[in-house]
Structures are given as C-alpha cells and as structure tokens.
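These notes are about the structure you will find just below.
All values below were derived from every heavy atom in this structure, side-chain atoms included, with hydrogens, water molecules and symmetry-related copies excluded. This structure is a prediction, so every number in the text was calculated from the model and none was measured.
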Amino acid sequence: QVQLVESGGGLVQPGGSLRLSCVASESTDHYYDIGWFRQAPGKEREGVACITYDGSTYYADSVQGRFTVSRDNAKTTIYLQMNSLKPEETAVYYCAASAAPIPRRRLLSSLLNYNYWGQGTQVTVSS
C-alpha cells in the first residue's frame, strides 16, 4: 500500500504563502483521487482540495482562488500552494489517497472514501 509523507508546513504571517508537498511511495497512477484535508484543534477534519485521477481539481469554497493543488509529472508528489493565508487556517494538513473513484460530490466531504493517509504537517498562521 502507498505511504504518504507531507512536508512544507511551518509558521507564516497572515497574508503569507506556503507550499505543502505530499510524497507518495509509488506513483499515484495506482490510485484514484488525492485529497488535502486539514484539522484545527477541537474541530473536525475538513476537505480543502482534491486532484482526481484525470487531473481535475476541486476546492472548498473557503480556499477557492487562493489554494492550488497540483502534482508532478512522475505523479509521486502532490502539492498544495496556499496563498493569502488566514489565522483561522491554522491546522494540521493531511494528504490522502483513495483506492477507488470517489463520487465528485463527496470528494471533499467523505473522509471514509480515502484509504491512505499521511501523518500530517502543521501550518500555523500568526503574526
């Protein structure tokens, strides 16, 4: 099974940018949908962005226009470029992969459809 390792988190000032990386132990061609999620203290894990097996991208309304999900040509690294970050976006960010296609309407809402998860990377937005 694939191993996912996130990196790139850290401390950033409000309005700043970070790029998160999710490195997979094998090509993500073997998997269908790759999602980015985040979990703030005391809150439920929520979907942020997703890139599907055909390259389509989906975003939560709260990050649309500020975050961009992409992957490298080898399809072993998935990126999340985050711009104009806000303090309320402080959270642990996770990437996850699914072993089967997820209905589009559930890509960012159904955590149970994702079979493999990384350990997460902390993002802190603070002045």
Would you check, one step at a time, whether the test side-chain contact (heavy atoms from CB on, under 4.5 Å) holds for Ile102 with Tyr32? CA-CA 8 Å; Ile102 300 172; Tyr32 285 89; over 6 Å; no
Restricting to non-hydrogen atoms, name the atom on [X] and the atom on [Y] that form the minimum distance, rounded to 0.1 Å.
X      : Y      : answer
Tyr114 : Leu107 : OH-O, 2.7 Å
Thr77  : Val23  : OG1-CG2, 4.0 Å
Thr52  : Arg71  : O-NH1, 3.4 Å
Tyr94  : Gly118 : CD2-O, 3.6 Å
Gln81  : Arg19  : OE1-CB, 3.4 Å

Trace of the side chain to side chain donor-acceptor pair (under 3.5 Å) decision for Ser98 with Asn113: CA-CA 6 Å; Ser98 69; Asn113 283 116; over 6 Å; no
Cys22 and Leu4: side-chain contact (heavy atoms from CB on, under 4.5 Å), yes or no, with the steps? CA-CA 6 Å; Cys22 172; Leu4 303 172; 4.0 Å; yes
Closer than 3.5 angstrom, by distance alone: can the side chain of Gln122 be matched with the main-chain N or O of Gly9 as a donor-acceptor pair? no
Enclosure of Asp61 CG (heavy-atom neighbours >12, cutoff 6.0 Å): no
One pair to check against side-chain contact (heavy atoms from CB on, under 4.5 Å): Trp36 and Ile78. What are the steps and the verdict? CA-CA 9 Å; Trp36 280 99; Ile78 300 90; 3.6 Å; yes
Quick test of your reading: applying salt bridge (Lys or Arg N to Asp or Glu O under 4.0 Å), list the pairs with at least one residue in residues 76-101, sequence neighbours left out, ordered by first then second residue. Arg38-Glu89, Arg66-Glu89
Aromatic ring proximity, centroids under 6.0 angstrom, Trp117 and Phe37: yes
